[in-house]
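The next block holds one structure in the form of structure tokens; read it before the comments.
Counting starts at 1 for both ligands and their atoms, in listed order.
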Amino acid sequence: MTKRILVYRPLDEGQLARLERDFHVDYLPEVSRAEDPAFLDALTQAHGLVGASLPITPKLLDRAPHLEAIASISVGYDNYPVDELTRRCILLCNTPDVLTETTADTGFLLIMATARRAVELAGMVQRGEWRESIGRESFGTDVHGKTLGMVGFGRIGAAIARRGALGFGMSILYSNSSPKPALEDELGAQRRDFNDLLAEADIVCVTVPLTPDTQHLFGAREFALMKSSAIFINVARGKVVDETALIEALRKGIPHAAGLDVFEREPLPTDSPLPHMTNVVALPHIGSATQETRTAMADLAVANILAALNGERPPSPVNAST
Ligand code: NAP
């Protein structure tokens with residue numbers, strides 16, 4: 001019997017052709033809700049899943065009795081119940097490394113745009129309101145030479161810090177579950193206790209994964225510890241931040257400004273005040289969203305599912321011991 005792969009994110013023709021060589025593909029690239037009847041129907045027959053952004057719950061897994069492997073087109077795997085997948089001997093794969101540099105570019109884009117008020121001031125030009133040289137009230141703050149505090153110092157955190165240290169002469173502090181001596185040597189980075197980092201950094205940048213430990217890692221207490229001039233950047237996951245507390249803190253002016261690629265609810269609800277706050281730069285979760293990187297991520301997901309369903313070790317498994 002030919003195994004079936006349910007693909008619920010867009011792939012290009014070549015990627016689909018690689019899957020179709022040995023497998024039957026149910027291609028539903030536009031599915032946005034797990035309740036979609038076509039998705040549920042295909043799930044009951046699927047041996048493999050390729051997709052992203054849909055929470056795959058144990059209840060959904062109950063409807064997928066043949067499932068052997070999932071290839072997520074993402075590095076973060078907070079949408080998957082990893083222990084439950086392992087218990088059911090379902091292999092989960094993700095796409096690390098290929099998106100690191102692009103996501104770090106997005107992190108630095110947010111640092112620069114927020115510090116220099118690029119979106120707010122570009123809006124002024126666009127609306128035809130630039131009538132004289134800008135005054136002090138429109139000045140931004142420098143990024144070069146400042147202290148960058150990385151919360152999470154893995155692949156993406158290190159790549160952002162590298163840009164800061166080598167390109168902008170920044171001092172690097174980090175808070176991470178384990179020490180990173182090689183990065184300390186490479187970048188002169190110094191490890192700090194979380195609270196100390198919040199108090200010392202000019203720019204606090206979050207790149208931890210979303211886990212039970214990191215959910216709402218940032219709330220009213222953490223924002224109150226920051227400098228009044230601090231800039232807060234989140235390219236990790238929205239739920240790492242208590243967004244209500246962030247909005248309140250930004251209204252009080254501590255931190256001074258925020259650059260956000262991710263939100264507690266995505267797409268961001270239309271009644272959220274965040275996009276209307278002049279001290280916020282809000283992006284629609286574009287961390288890895290370039291042509292090159294999204295292609296590389298999908299290529300890796302295809303390689304993962306092909307290996308997994310052919311009984312080989314995939315390039316990037318998450319729960320490898322299953
Ligand atoms: P990674 O290499 O695994 O780095 C994560 C780092 O966070 C690791 O160094 C880890 O420590 C540390 N960490 C984990 N839990 C922690 C905690 N409770 N306190 C302090 N540090 C903790 O992952 P990555 O490739 O850099 O990706 C990081 C996250 O970025 C992903 O999980 C994803 O959610 C997010 N992301 C977002 C976008 C976007 O579009 N905005 C794109 C890609 C990724 P250890 O080294 O000790 O394990």
Measure the distance from [atom] to every protein heavy atom, then report the residue, atom name and distance (to 0.1 Å) of the closest one.
{"atom": "atom 37 (C) of ligand 1", "value": "V235 O, 3.0 Å"}
{"atom": "atom 35 (C) of ligand 1", "value": "A236 O, 3.6 Å"}
{"atom": "atom 21 (N) of ligand 1", "value": "S177 N, 3.2 Å"}
{"atom": "atom 4 (O) of ligand 1", "value": "G154 CA, 3.2 Å"}
{"atom": "atom 33 (C) of ligand 1", "value": "R237 NH1, 3.7 Å"}
{"atom": "atom 14 (C) of ligand 1", "value": "P209 CD, 3.5 Å"}

Are any of the N or O atoms of [X] closer than 3.5 Å to those of ligand 1?
{"X": "S175", "result": "no"}
{"X": "G152", "result": "no"}
{"X": "V208", "result": "no"}
{"X": "I156", "result": "yes"}
{"X": "G76", "result": "no"}

Qualifying residue, where the test is side-chain contact (heavy atoms from CB on, under 4.5 Å) with I111 and the options are I203, I231, V281: I203
Does [X] reach the main-chain N or O of [Y] with its side chain, forming a donor-acceptor pair under 3.5 Å?
{"X": "D242", "Y": "T244", "answer": "yes"}
{"X": "D142", "Y": "H144", "answer": "no"}
{"X": "D196", "Y": "R192", "answer": "no"}

Which atoms of ligand 1 are found less than 4.0 Å from any heavy atom of [X]?
{"X": "K180", "value": "9 (O), 46 (O)"}
{"X": "S178", "value": "45 (P), 46 (O), 47 (O)"}
{"X": "T103", "value": "38 (C), 42 (C), 43 (C)"}
{"X": "D261", "value": "39 (C), 40 (O), 41 (N)"}
{"X": "H285", "value": "39 (C), 40 (O), 41 (N)"}

Mind running side chain to side chain donor-acceptor pair (under 3.5 Å) on S288 and R294 for me, showing each step along the way? CA-CA 7 Å; S288 63; R294 285 291 169 86; 3.0 Å; yes
Using a heavy-atom cut-off of under 4.0 Å, does the side chain or the backbone of [X] touch ligand 1, or both, or neither?
{"X": "R155", "answer": "both"}
{"X": "F153", "answer": "backbone"}
{"X": "V151", "answer": "neither"}
{"X": "T207", "answer": "backbone"}

I'd like to check R18 versus D299 (side-chain heavy atoms, cut-off strictly below 4.5 Å). Are they in contact? yes
Answer with yes or no whether the hydrophobic clustering places L92 together with L210; edges join I, L, V, M, F, W, Y residues whose side-chain heavy atoms lie under 4.5 Å apart. no
With the 4.5 Å side-chain cut-off for hydrophobic clustering, are L110 and V240 part of the same group?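 Result: no, two separate clusters.
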Mind telling me whether F153 and Y174 have parallel, tilted or perpendicular rings, with 30° and 60° as the class edges? parallel
Over 60° means perpendicular and under 30° means parallel, so tell me whether F39 and Y8 are parallel, tilted or perpendicular. perpendicular
Examine ligand 1 and decide if any of its atoms is less than 4.0 Å from a heavy atom belonging to T214.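 Contact check T214 vs ligand 1: positive.
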Check for me whether T211 has a heavy atom closer than 4.0 Å to any atom of ligand 1.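 No, T211 has no heavy atom closer than 4.0 Å to ligand 1.
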Inter-residue atom distance I5.CD1 - D26.CG, 0.5 Å rounding: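 Between atom CD1 of I5 and atom CG of D26 there are 9.5 Å.
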Interatomic spacing from CZ in F23 to CG in L6 - rounded to 0.5 Å: 14.5 Å
Non-hydrogen atoms of A159 and T100 that approach each other most closely: CB-CG2, 3.8 Å
For T207 and G157, work out which heavy atoms get closest and say how close.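 Distance-wise, the nearest heavy atoms are OG1-CA, 3.4 Å.
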Evaluating non-hydrogen atoms only, which member of V262, V206, N176 is closest to atom 8 (C) of ligand 1? N176
